Amino acid sequence: MDKSQGRSAQEAPAKELPNFVTASGHRGLQLEEKLIFEQGVPGRIGVDVPDAPKGAANKLGAFARKGTIGLPDLSEPQVVRHFTRLSQKNYGIDSGLFSLGSCTMKHNPRLNEKMARLPGFADLHPLQPEKTVQGALELIDTLAHWLKTLTGMPAVAMSPAAGAHGELCGMVAIWAAIQAKGEGATRRRVLVPESAHGTNPATAALLGFTVDPIPANERGRVDLAAFEKKLGPDVAAIMLTNPNTCGLFEGDIKKIADLVHAAGGYFYCDGANYNAIAGRVRPADLGVDAMHINLHKTFSTPHGGGGPGSGPVVLSAALAPYAPLPYVVHGAKGFELVETQRAGTSPFGRLKGFHGQMGMFVRALAYMLSHGSDGIRQASTDAVLNANYILARLKDVMSPAFAGGPCMHEALFDDAFLKDTGVSTLDFAKALIDEGYHPMTMYFPLVVHGAMLIEPTESENKESLDAFIDSLRHLATLAKKGDQADFFHAAPRLTPRRRLDETRAARSPILRWKPAQPPAPTAQAAE
Ligand SMILES: *Cc1c(COP(=O)(O)O)cnc(C)c1O
């Protein structure tokens, strides 16, 4: 079915659209409005604040404000409407299918949100006495138990605040173990596959290790022969993602673990893609020494826009003694938070002020308990099934990056199907916005030319996958006609703003509003 025909039959003919301008500047229910600072009118007010008592002492001393605060004067309805409209310009997992790969934009069951908002969890203060937070400590301990059970690992550090923070935790533990063996001066090299997430080499480099890339083979996996050649007495660790960022299972993972161990190094596994294998494979059985689990990717939690994450790190017996403080133990009088070094352990220090991301712990445990072990297994299975359905239904019109086998939780395409059409991966993704979808991850992983990485997750049903696939098939077929470059270059057409200079917006964002100054000509780029 050609959906675009059906749609344009009910609407104004598309050719009239470019010249059609409304008096208000609004486009239907998409409203154009000024910045909130520009809407302010001096003296307009939403709440009455009592005047400070005459002669009240200045308790702030030198910190007392000298000038006005500079906030706009607005009524309450203005503020409510402004932020409601802004929220409606957003596209999130609650608006529709979010195809971004390598990020796992997953449905967040409302039950988890309800649990996280229970006052007994939400209103805790991290400095409350231990005896008043026994329930919270028990929750952290229970979650730790299930993370260890699912992964088969003997220890877990709960405090890391995100995946990258977890990498830091695991790699510092590895560094501490190497130091303890007296090899700190010699083991300075970390092997990282070319397809790795950027945080892996960044973490190793931050700790002063030399990053040595391992090439991928033609099947998108680690080139085993190249890896073996790189092993030596100066190798501290390999940082490997499994399933990797091409959405493929590293079939040689056990061999890789054995080889790095034989060379005296450690195996750091990036577990951000654990949602593809949870309940099916235990990382301990694969020879992993340290692995972060992105609770916000595998066990729900809304994380669009850089929201809070949580990256607990499971550790092997070799690394467990170096786990950071604080951690929870069962003490004589209930749960205790260990804040100082205990006999037989060598914690490398602290990573974070307190115990970790409590709200994410509550959500993750609610997710685990409501799914049960069979449900977690089913979620991984369905995530993989959905990605393979997309791969299977698109492989004749788009070009799978690694043909000849199934994928795991995400389907990777390259831009070979766009060759000689004048349409780039970016143009294709922009056209997908007009179709009502958040584009897939583009140009990552770097090992694939013009990459398009699609991760549907387990909670999309067949109808929603089919609708998404129909849009992609329509666009791919259109692009391949070869004379549609102009159509794609002009996309998106139906958004509040058209093509922005994204590089410039990221590199030189305009973050401060300055009064009485006409907007710079580049303002649109940074909106
Ligand atoms: C998301 C991700 C990370 C980083 O996790 P953050 O929580 O964003 O710091 C690391 N590796 C891979 C493979 C990822 O997908």
Side-chain angles (χ1 to χ4, degrees), residues 3 30 86-110 112-113 162-163 197 243 245-247 272-276 278 294-310 360 363-364 367 379-391 393-394 398 407-413 425-426 428-445 451-476 491-492 494-497 500 502:
K3 292 199 307 166
Q30 275 291 354
L86 281 187
S87 77
Q88 290 165 342
K89 287 192 171 42
N90 210 358
Y91 187 94
I93 192 66
D94 293 338
S95 340
L97 187 149
F98 209 110
S99 61
L100 215 53
S102 193
C103 279
T104 315
M105 303 302 292
K106 192 174 176 110
H107 170 64
N108 299 287
R110 291 303 178 267
N112 305 354
E113 298 305 310
H197 196 270
T245 49
C246 298
N273 297 336
Y274 187 49
N275 64 309
N294 288 38
L295 295 186
H296 50 290
K297 293 181 185 174
T298 301
F299 299 110
S300 79
T301 271
H303 70 287
S310 180
M360 276 78 258
R363 288 174 175 89
Y367 185 87
S380 338
T381 310
D382 290 350
V384 173
L385 179 66
N386 279 358
N388 276 287
Y389 183 65
I390 286 183
L391 184 64
R393 280 213 52 208
L394 289 174
M398 290 171 68
C407 58
M408 294 296 288
H409 59 304
E410 46 197 0
L412 180 60
F413 299 89
T425 291
L426 181 73
F428 192 75
K430 293 294 181 195
L432 193 57
I433 300 177
D434 281 336
E435 289 287 323
Y437 291 104
H438 189 290
M440 65 289 272
T441 292
M442 296 177 293
Y443 300 107
F444 178 83
M452 293 171 228
L453 183 61
I454 301 176
E455 178 173 2
T457 78
E458 71 281 359
S459 47
E460 296 301 331
N461 59 33
K462 182 164 180 298
E463 301 86 79
S464 94
L465 292 176
D466 281 335
F468 175 65
I469 289 166
D470 285 347
S471 283
L472 281 169
R473 292 190 67 87
H474 165 73
L475 292 176
L494 304 175
T495 45
R497 291 293 178 275
L500 305 180
E502 287 161 2

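Keep in mind it's a predicted model, so treat the numbers as computed, not measured.
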Checklist entry - For Glu502 and Arg497, what are the C-alpha separation, side-chain angles and deciding distance, and is it a salt bridge (Lys or Arg N to Asp or Glu O under 4.0 Å)? => result CA-CA 12 Å; Glu502 287 161 2; Arg497 291 293 178 275; over 6 Å; no
Next on the checklist: Does Arg393 form a salt bridge (Lys or Arg N to Asp or Glu O under 4.0 Å) with Asp470? I'd like the steps, not just the answer.
Outcome noted: CA-CA 9 Å; Arg393 280 213 52 208; Asp470 285 347; 3.7 Å; yes
Checklist entry - Under 4.0 Å between a Lys/Arg side-chain N and an Asp/Glu carboxylate O for Asp94 and Arg110? => result yes
4.5 Å side-chain heavy-atom contact, [X] and [Y]:
X      : Y      : value
Ser310 : Thr301 : no
Cys407 : Asn388 : yes
Leu412 : Leu391 : no
Leu472 : Phe428 : yes
Pro456 : Phe468 : no
His197 : Ser102 : yes

If you compare all heavy atoms of [X] against all heavy atoms of [Y], which two are closest, and at what distance to 0.1 Å?
X      : Y      : answer
Lys297 : Ala272 : CD-O, 3.7 Å
Cys246 : Pro445 : SG-CG, 3.9 Å
Ser471 : Tyr437 : OG-CE1, 3.6 Å
Leu432 : His438 : CD2-O, 4.4 Å

Without swapping roles, check the side chain of [X] against the backbone of [Y] for a donor-acceptor pair under 3.5 Å.
X      : Y      : result
Tyr274 : Phe299 : no
Asn386 : Glu460 : yes
Ser99  : Ile454 : no
Thr298 : Leu295 : no
Thr104 : Thr457 : no
Asn461 : Ser464 : yes

Checklist entry - Excluding sequence neighbours, so at least two apart, what forms salt bridge (Lys or Arg N to Asp or Glu O under 4.0 Å) with Glu458? => result Lys106
Item to check | Contacts of type side-chain hydrogen bond (donor to acceptor under 3.5 Å, both in side chains), residue Asn275, not counting sequence neighbours | outcome: Glu455
Item to check | Sole candidate of Met105, His303, Arg363 that passes side chain to side chain contact (heavy atoms under 4.5 Å, CB included) when paired with His296 | outcome: His303
Item to check | Atom pair NE2 (His409) and CG (Asp382), whose distance is rounded to the nearest 0.5 Å | outcome: 14.5 Å
Checklist entry - side chain to side chain contact (heavy atoms under 4.5 Å, CB included) between Met442 and Leu426: does it pass, once the steps are laid out? => result CA-CA 7 Å; Met442 296 177 293; Leu426 181 73; 3.9 Å; yes
Checklist entry - In terms of side-chain heavy atoms, does Asn108 have a donor or acceptor partner in Tyr367 at a distance below 3.5 Å? => result no
